[in-house]
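Here the structure comes first, spelled out in structure tokens, and everything after it is commentary.
Bear in mind that the values here come from a model prediction, so they are computed numbers and not experimental data.
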Amino acid sequence: MPLILQAITDKAVNIGFSVLTFHRVKWGLVMKSAIMIAATGSGCGKTTITCALLAAMKKRGLDTRAFKCGPDYIDPMFHKKVIGISSKNLDLFFSDKKMVRESFYSDNDSDISIVEGVMGLYDGTDSADNAGSSYDLACKLDIPIVLVVDAHGMGRSLLAVIKGFLSMDENRQIQGVILNRISPMYYETIKGLIEKELSIKVMGYYPKMTEGCFESRYLGLKMPDEIDCIREQIDAAAEIAADTIDLDGLLSLGYVDQENLTDISGKNIINGQSKVKIAVARDEAFCFFYEDNLELLKSLGAELIEFSPIKDTKLPDDIDGLLLGGGYPELYAERLSDNTAMREAVLKAVNGGLPSLAECGGFMYLHDSIKVDDKEYPMVGAISGTCDKKNRLVRFGYLNIEEKNASFFSADDRKIRGHEFHYYDSSNNGSDATSVKPGGSKSWEAAHITENHWWGFAHLYYPSNKAFAKAFVDKCSACRLNRK
């Protein structure tokens, strides 16, 4: 930081102003702060603490944005639907360093951006290194890490845990620690010891709670709408965080030097043609979308029109394409099945050649039926077969997917990256593409692909091959012209 800005910053802190607020009001500068909330492992409380911090920062009147490391859909839904702030995924399997930095920094004038980590700090796509881990992402974004440590049931052993994580921090990204599930009295004792012996700042703590934790189910966290009083829980968590965590310290810790962002030149998007209308299924059953996918479609000239396969009786008027995203159709199988008018409308549209994409839950919806607790519920019927629950995760993890024949893509590179995470499987998964696990250790046939549609279990990340999204929008554009 230039010396004059450092002096201004010091003065702002000394007179009790937030650094960011002082700069914004006094000097008209757009200052950014960014941190990652990571943890020693899954279940340590990083989601609770991240949501509490986001809500607490928002209550201060700060422009706050959220990001999630990895392919998870549900945490961003908490950020967006419950707290009411923008949230998107950052994933180093789907994207390279330049792409994640552009996604994070471009068009981001927030006061504070908080990235929620995934699993343990150093857990990546391969146990042999940090690739794809929260740590890897923090290094590539060049932002400090605040490590959440579950302190329950530990005394001085806390120092050993923290010391171990610091010893692996080659880039010195870990700049602070938050202790979770610890009593206020013991926190005051252990805080000084940690800071003295390990030279790491303890930014605060979150007390052990008997209520207010976020419930889980077989695919991870429950959906925000399913948890009673979720907004009240997060509001209460924000009040606690404001009392027990050094918010001003986090803001100053995450100061972003704008002068060092010379590699951020804006997103590399493909220019679209005239507007095409794409119907997007979005309701309780279909709610898993990568925001980067939707933004890319918009940048290519798509107008996205949301509809509900549960509640609506027909597709939106004058559409040129259809997008059926992931979600939990099995939880709403009866309601989806009972909506015969919508099922028939979707079948007529796709059989009539309307360009369409269907992923995971949307793919399940296109089958003849979904089986839930030994009862089969009729679905759209575009795919001959049924989907039923297995007793384990099916084909879990990241994928490289390649189309076999010259059908959907309009470019020579017919590969796209994706991710699968589901317990349901299909009796007819398709055979028009080959899915390969990273490293090539396992592969299988997947997806139903024609010139006008791509249907499969994998959640696709369109920016990993923008030619895929462009091909879809081009097909929608051709459909629009043919209709006129």
Side-chain angles (χ1 to χ4, degrees), residues 277-289 305-390 394-395 403 405 407-408 420 422-433 445-460 472 475-476 479 482-483:
K277 295 181 179 180
I278 299 175
V280 179
R282 200 158 199 174
D283 57 17
E284 301 94 318
F286 304 99
C287 47
F288 294 169
F289 295 93
I305 304 170
E306 295 183 1
F307 74 101
S308 169
I310 292 178
K311 302 168 187 174
D312 296 331
T313 56
K314 66 184 185 69
L315 290 168
D317 294 332
D318 300 322
I319 57 170
D320 312 303
L322 174 65
L323 173 57
L324 301 170
Y328 288 123
E330 66 273 24
L331 298 181
Y332 302 92
E334 184 173 3
R335 294 174 65 186
L336 289 168
S337 185
D338 287 346
N339 193 348
T340 305
M342 178 57 76
R343 291 194 288 113
E344 291 177 348
V346 171
L347 181 62
K348 181 180 179 180
V350 297
N351 282 348
L354 184 73
S356 58
L357 303 177
E359 305 175 12
C360 201
F363 172 62
M364 292 169 60
Y365 179 58
L366 291 179
H367 282 67
D368 287 332
S369 64
I370 295 176
K371 189 174 182 180
V372 181
D373 296 330
D374 297 325
K375 182 176 180 180
E376 286 197 28
Y377 295 91
M379 292 292 146
V380 171
I383 298 172
S384 178
T386 189
C387 294
D388 61 345
K389 189 179 179 182
K390 306 303 178 184
V394 181
R395 299 183 298 277
E403 183 184 84
N405 303 306
S407 297
F408 192 88
E420 289 194 29
H422 52 93
Y423 278 84
Y424 274 72
D425 201 5
S426 168
S427 61
N428 184 6
N429 279 294
S431 58
D432 297 320
E445 292 184 332
H448 295 260
I449 304 171
T450 67
E451 182 180 348
N452 274 339
H453 70 243
W454 181 299
W455 306 335
F457 252 121
H459 295 286
L460 306 178
F472 179 51
K475 295 174 197 302
C476 293
C479 177
N482 291 336
R483 203 172 64 244

Return the minimal non-hydrogen interatomic distance between Ser384 and Asp368, and the atom names on each side.
-> CA-OD2, 3.3 Å
For residues 344-354, pull every pair meeting side chain to side chain donor-acceptor pair (under 3.5 Å), keeping only residues two or more places apart or in separate chains.
-> none
Measure the acute angle between the ring planes of Trp455 and His448, then classify it against the limits of 30° and 60° as parallel, tilted or perpendicular.
-> tilted
Mark yes or no for whether Ser426, through its side chain, and Cys387, through its backbone, hold a donor-acceptor pair below 3.5 Å.
-> no
So NZ of Lys371 and NZ of Lys389: to nearest 0.5 Å the spacing works out to 13.5 Å
Only counting residues at least two apart or in another chain, list the ones meeting side-chain contact (heavy atoms from CB on, under 4.5 Å) with Glu445.
-> Lys404, Ser431
Value rounded to 0.5 Å, distance of OG in Ser337 from CD in Glu376 = 10.5 Å
Does the side chain of Pro316 come within less than 4.5 Å of Lys277's, by heavy atoms?
-> no
Note: Leu366 and Ala358 closest approach over all heavy atoms is CD1-CB, 3.6 Å
How many angstroms lie between atom OH of Tyr365 and atom SG of Cys360, to the nearest 0.5 angstrom?
-> 16.0 Å
With a 4.5 Å limit on heavy-atom distance, are the side chains of Ile305 and Asp317 in contact?
-> no
Can you see which heavy atom on Leu354 is nearest to which on Leu322, and at what distance?
-> CD2-CB, 3.9 Å
Under the criterion ring-ring contact (aromatic ring centres under 6.0 Å, His included), which of Tyr424, Phe288, Phe286 is the partner of Tyr328?
-> Phe288
Using side-chain contact (heavy atoms from CB on, under 4.5 Å) as the criterion, list what pairs up with Lys311, not counting sequence neighbours.
-> Glu284, Ser308, Arg335
Hey, what do you get for CG (Leu336) to CE (Met364), rounding to the nearest 0.5 Å?
-> 10.0 Å
Got Phe457 and Val394 here, is their nearest side-chain heavy-atom distance under 4.5 Å?
-> no
Where do Ala447 and Trp454 come nearest, in terms of heavy atoms and distance?
-> CB-NE1, 4.3 Å
Just by distance, do the side chain of Asp283 and the backbone of Ile310 share a donor-acceptor pair under 3.5 Å?
-> yes
Glu403 (side chain) donor-acceptor with Phe408 (main chain) under 3.5 angstrom | yes
Between the side chain of Glu330 and the main-chain N/O of Ile370, is any donor-acceptor distance below 3.5 Å?
-> no
Can you name the nearest heavy-atom pair linking Ala341 to Thr313, along with the distance?
-> CB-O, 3.4 Å
Using modelled atom types only, decide if a donor and an acceptor are shared between the side chain of Asn339 and the backbone of Pro309 within a distance under 3.5 Å.
-> yes
Report the relative orientation of the aromatic rings in His367 and Phe363; use parallel for angles under 30°, tilted for 30 to 60°, perpendicular for over 60°.
-> perpendicular
Check whether any side-chain heavy atom of Thr450 lies under 4.5 Å from a side-chain heavy atom of Ser407, and answer yes or no.
-> no
Lys/Arg N to Asp/Glu carboxylate O, Asp312 vs Lys314, below 4.0 Å = no
Spatial distance of atom CD1 (Ile449) from atom CD (Glu451) [nearest 0.5 Å] = 13.0 Å
Quick one: does Lys475's side chain have a donor or acceptor within less than 3.5 Å of a partner on Gly321's backbone?
-> no
So, Asp320 side chain and Ile278 main chain: donor-acceptor pair closer than 3.5 Å or not?
-> no
Nearest 0.5 Å, what's the CG-CG distance between Asn452 and Leu357?
-> 10.5 Å
What closest approach, in Å, do Ala349 and Leu315 show between heavy atoms, and which atom pair accounts for it?
-> CB-CD1, 3.8 Å
Would you say the side chains of Thr386 and Ser427 form a donor-acceptor pair under 3.5 Å?
-> no
